[in-house]
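Accompanying notes for the structure given below.
For the single chain, residues carry numbers from 1 onward in sequence order. All ligand and atom numbering here is 1-based and tracks the order in the structure.
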Amino acid sequence: MRPKIIVHGGAGDIVDEHLNAHLSGCKEAIEIGWAILDQGGTSLTAIEHSIRILEDNPVFDAGRGSYLNQDGFVEMDAMVMKGDGLNIGAVAGVSQIRNPISLAIQILHDSKHNMLSGQGALKFAQTLNLEECEPNWFITEYTHNIWKKEINKSRKYGTVGCVALDNYGNIAAGTSTGGTKHKETGRIGDTPLVGCGTYADNTTAGVSATGDGEAIMKVVLSKLACDLTLTETSVEHATNKSIQILNSRTRSQAGLIMIDNKGNLGCAFNTPRMSRAWIDNQGKIKAFIEP
Ligand code: GLY
């Protein structure tokens, strides 16, 4: 089976000044993940490296560049899921770990639990020597200005994610976020909740979602989209229908990317923009931000 990979850099009101950085960031992330898959690496390794690139890029709402909570510091969520054994690793409300996606993967591999949060997650990360950063390292001038409410026109949501299918037929999906702007301290979004921000099942598909986390939770968007591949005639129909259901039941906004177990790629969103990139059947990078 030929491998497949798709990434997103978040759905929302991406401001014009950030368009180029979003596109180049998504392209850089997809190149790294594709190189791993092309050389026979696993889907989990590919999504980890792609998402680390997006977390380190300050234009995205994940890792460095995460939105600040009401008290002025970042609290990040991330999750990975493997489609072969339905194994999960998730982390919620971490503030000091440079790459929450790598912590989520360590939880998948090394913890008897599916999700760790806050101080416990930090303690677990420290036992594995994962890289820590000072709280200020995560803050950019842009996110600080949003926090001070000096910028109002900014994107409402953020989040990054990646789905990959490897040579061995295994799907992995991952999502990482700083959450929504002006969120209350302690708020946990959809991203680390299984089936909401992320889902992967080799019998259906893998999905990473972005957008209004409170609404995404209500329809369990990623699992909904995976299950729709069983009844809809294409990935395009399954992704579109899941966003239609989210819109009709919650009147809110979200986006998602998907790869099904036959290697078909898709995305859908009802926000003004969503940055995303993938590798087409000719091995070329495609990257878009507009509908
Ligand atoms: N979808 C990201 C969040 O609401 O936290």
Taking 4.0 angstrom as the limit and counting only heavy atoms of [X], give me the atoms of ligand 1 inside it, by number and element.
X      : value
Gly179 : 5 (O)
Asp190 : 1 (N), 2 (C), 3 (C), 4 (O), 5 (O)
Thr180 : 4 (O)
Thr159 : 1 (N), 2 (C)

Contact with ligand 1 for Gly197, non-hydrogen, under 4.0 angstrom: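 In this structure, Gly197 fails to qualify as a contact of ligand 1 - no heavy atom is under 4.0 Å.
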Close approach, Glu214 and ligand 1, non-hydrogen under 4.0 angstrom: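 Distance cut 4.0 Å: Glu214 fails for ligand 1.
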Residue from Leu224, Leu221, Leu246 passing side chain to side chain contact (heavy atoms under 4.5 Å, CB included) with Leu256: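 Exactly one candidate clears the test, Leu221.
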Between [X] and [Y], ring centroids under 6.0 Å:
X      : Y      : answer
His182 : Tyr67  : no
Phe288 : Trp278 : yes
Tyr142 : His18  : yes

Atom 5 (O) of ligand 1: nearest protein contact (heavy atom, Å):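 That would be Arg187 NH1, 2.6 Å.
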Between Ser208 and Thr175, a side-chain donor and acceptor under 3.5 Å: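 Yes, because at least one side-chain N or O of Ser208 sits under 3.5 Å from a partner of the opposite role on Thr175.
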Donor-acceptor pair between Gln253 and Asp212 side chains, under 3.5 angstrom: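 Judged by distance alone, the side chains do not pair up.
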Ligand 1 versus Met76: contacting region, heavy-atom distance under 4.0 Å: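 Near ligand 1, Met76 shows nothing, with every heavy atom at 4.0 Å or more.
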Leu193-Val91 co-clustered via ILVMFWY side chain contacts under 4.5 Å: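 No, no single cluster joins them.
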Ile216-ligand 1 polar pair, N/O distance under 3.5 Å: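 Min N/O separation from ligand 1 is not below 3.5 Å for Ile216.
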